[in-house]
Asker: 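This is the structure, below, for whatever I ask next.
The analysis underlying the following values was restricted to heavy atoms, covering all of them including side chains, and did not include hydrogens, waters or symmetry mates.
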Amino acid sequence: AAEPNLLQLRRYIADKDHAAVARFAANSMGENIDPIIVELAALTNLQIRVAKEVYDEHLITGSRDRNLMIAMIVIALILSVYLAYKIIPMITKPLAVANSAIEKMASGNLNIEIHDDGSHDEIGQIIRSTAAITKTLQKVERDLREQINAAKEGALSIRADAKQHPGAFGNLVHGVN
């Protein structure tokens with residue numbers, strides 16, 4: 001239906017019949033354009049509706065994802081605080097025991113007993129080394145005290161086995177012998 005009207009419009013334009021072109025625009029053009037405009041309006045409304053549905057879907061998904069992310073962060077923080085609360089004493093308590101023992105030895109108190117918790121990490125090694133130092137000093141102190149007490153009683157022939165004491169401690173015991 002639009003094809004004959006288009007041919008007619010071309011003739012009016014070729015003939016330079018301005019009045020006929022004006023009548024065509026007022027009467028016939030609307031009949032040909034109105035169905036297209038109606039379809040374009042329907043298509044535009046469909047696009048707007050689909051875009052709104054997608055936007056609303058993303059709002060819901062985005063809100064859910066944001067809430068999930070916040071929940072995960074809160075759980076991670078709570079877990080971190082809990083683990084710190086549990087782990088820090090596992091480090092500080094053995095170190096405090098070792099520190100206390102070393103301070104007592106530094107002040108001359110060798111009446112110390114350190115219990116090895118059996119851990120194989122660096123803190124366990126520090127505890128075992130501190131216990132070994134304590135036992136070595138206790139042995140040297142015991143042997144030297146026995147020699148001093150024997151010397152006080154006049155028994156100068158009593159000797160300590162310097163080979164039982166490592167390094168400089170053995171040299172010290174040997175020197176007293």
Side-chain angles (χ1 to χ4, degrees), residues 38-177:
V38 169
E39 291 300 318
L40 283 175
L43 181 60
T44 302
N45 288 335
L46 176 64
Q47 288 176 327
I48 290 170
R49 191 181 79 236
V50 169
K52 182 167 178 8
E53 287 172 6
V54 169
Y55 175 77
D56 290 343
E57 233 177 84
H58 283 127
L59 279 179
I60 292 168
T61 304
S63 177
R64 185 187 69 227
D65 290 349
R66 183 188 70 238
N67 292 342
L68 180 62
M69 187 66 73
I70 290 170
M72 289 172 56
I73 290 170
V74 169
I75 289 170
L77 285 172
I78 291 170
L79 185 61
S80 297
V81 169
Y82 174 76
L83 289 175
Y85 179 75
K86 290 295 187 180
I87 291 173
I88 289 174
M90 293 170 60
I91 296 169
T92 57
K93 283 182 182 178
L95 288 176
V97 168
N99 185 56
S100 174
I102 292 168
E103 285 177 348
K104 288 178 183 176
M105 286 186 279
S107 69
N109 180 358
L110 297 179
N111 294 323
I112 303 167
E113 191 172 325
I114 299 175
H115 300 285
D116 182 4
D117 66 357
S119 68
H120 298 287
D121 58 6
E122 290 82 0
I123 294 172
Q125 291 172 351
I126 289 171
I127 294 296
R128 283 188 290 285
S129 295
T130 304
I133 292 169
T134 302
K135 287 180 182 173
T136 299
L137 289 174
Q138 287 170 342
K139 286 180 188 176
V140 169
E141 191 258 344
R142 183 192 66 231
D143 284 352
L144 290 176
R145 185 176 312 281
E146 286 176 4
Q147 283 185 312
I148 291 169
N149 288 339
K152 283 181 182 177
E153 293 175 7
L156 297 177
S157 62
I158 295 188
R159 301 281 184 250
D161 185 4
K163 292 177 186 171
Q164 295 294 318
H165 305 287
F169 298 117
N171 294 338
L172 181 64
V173 170
H174 179 71
V176 172
N177 279 336

Asker: Test of understanding: with salt bridge (Lys or Arg N to Asp or Glu O under 4.0 Å), list the residues that count as partners of E53, not counting sequence neighbours.
Answerer: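 In terms of salt bridge (Lys or Arg N to Asp or Glu O under 4.0 Å), with neighbours along the sequence ignored, E53 is linked to R49.
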Asker: Any chance you could measure I48, atom CD1, to T44, atom OG1, to the nearest 0.5 Å?
Answerer: 6.5 Å
Asker: Might you point out which heavy atoms bring A84 and P89 nearest each other, and give the distance in Å?
Answerer: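 In this case the closest contact between A84 and P89 is O-CD, 4.1 Å.
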Asker: Of all residues at least two apart in sequence or in a different chain, which pass the side chain to side chain contact (heavy atoms under 4.5 Å, CB included) check with A98?
Answerer: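 Scan of A98 (side chain to side chain contact (heavy atoms under 4.5 Å, CB included), adjacent residues dropped) gives I126, I127, T130.
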Asker: With sequence neighbours excluded, what pairs up with L137 under the side chain to side chain contact (heavy atoms under 4.5 Å, CB included) test?
Answerer: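 Listed in chain order: M105, L110, I133, F169.
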Asker: Could you tell me the separation between the CD atom of Q138 and the CD1 atom of I112, rounded to the nearest 0.5 Å?
Answerer: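 Taking CD in Q138 and CD1 in I112, the distance rounds to 7.0 Å.
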Asker: Scan for side-chain hydrogen bond (donor to acceptor under 3.5 Å, both in side chains) pairs involving residues 69-95, sequence neighbours excluded, and state none if there are none.
Answerer: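 Every candidate side-chain hydrogen bond (donor to acceptor under 3.5 Å, both in side chains) pair involving residues 69-95 fails, so no pair, neighbours aside, qualifies.
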Asker: Give me each pair satisfying side-chain hydrogen bond (donor to acceptor under 3.5 Å, both in side chains) with a member in residues 100-118, each pair once, sequence neighbours excluded.
Answerer: N99-E103, D116-R128, D117-S119
Asker: Please report the closest heavy-atom contact between V173 and A162, naming both atoms and the distance.
Answerer: CG1-CA, 4.0 Å
Asker: Considering residues at least two apart in sequence or located in another chain, which fulfil the side-chain hydrogen bond (donor to acceptor under 3.5 Å, both in side chains) criterion with Q164?
Answerer: D161
Asker: What residues form a side chain to side chain contact (heavy atoms under 4.5 Å, CB included) with L68, not counting sequence neighbours?
Answerer: M72
Asker: Can you tell me which residue pairs pass the side-chain hydrogen bond (donor to acceptor under 3.5 Å, both in side chains) test with a partner in residues 150-160, sequence neighbours excluded?
Answerer: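 Those involving residues 150-160 do not exist here.
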Asker: Closest heavy-atom contact between L172 and L144?
Answerer: CD2-CD1, 4.1 Å
Asker: Once side chain to side chain contact (heavy atoms under 4.5 Å, CB included) is applied, do any residues pair with L40, and if so which ones, sequence neighbours excluded?
Answerer: I36
Asker: Going by the rule salt bridge (Lys or Arg N to Asp or Glu O under 4.0 Å), which residues pair with K52 if we only count those two or more places apart in sequence or in a different chain?
Answerer: D56
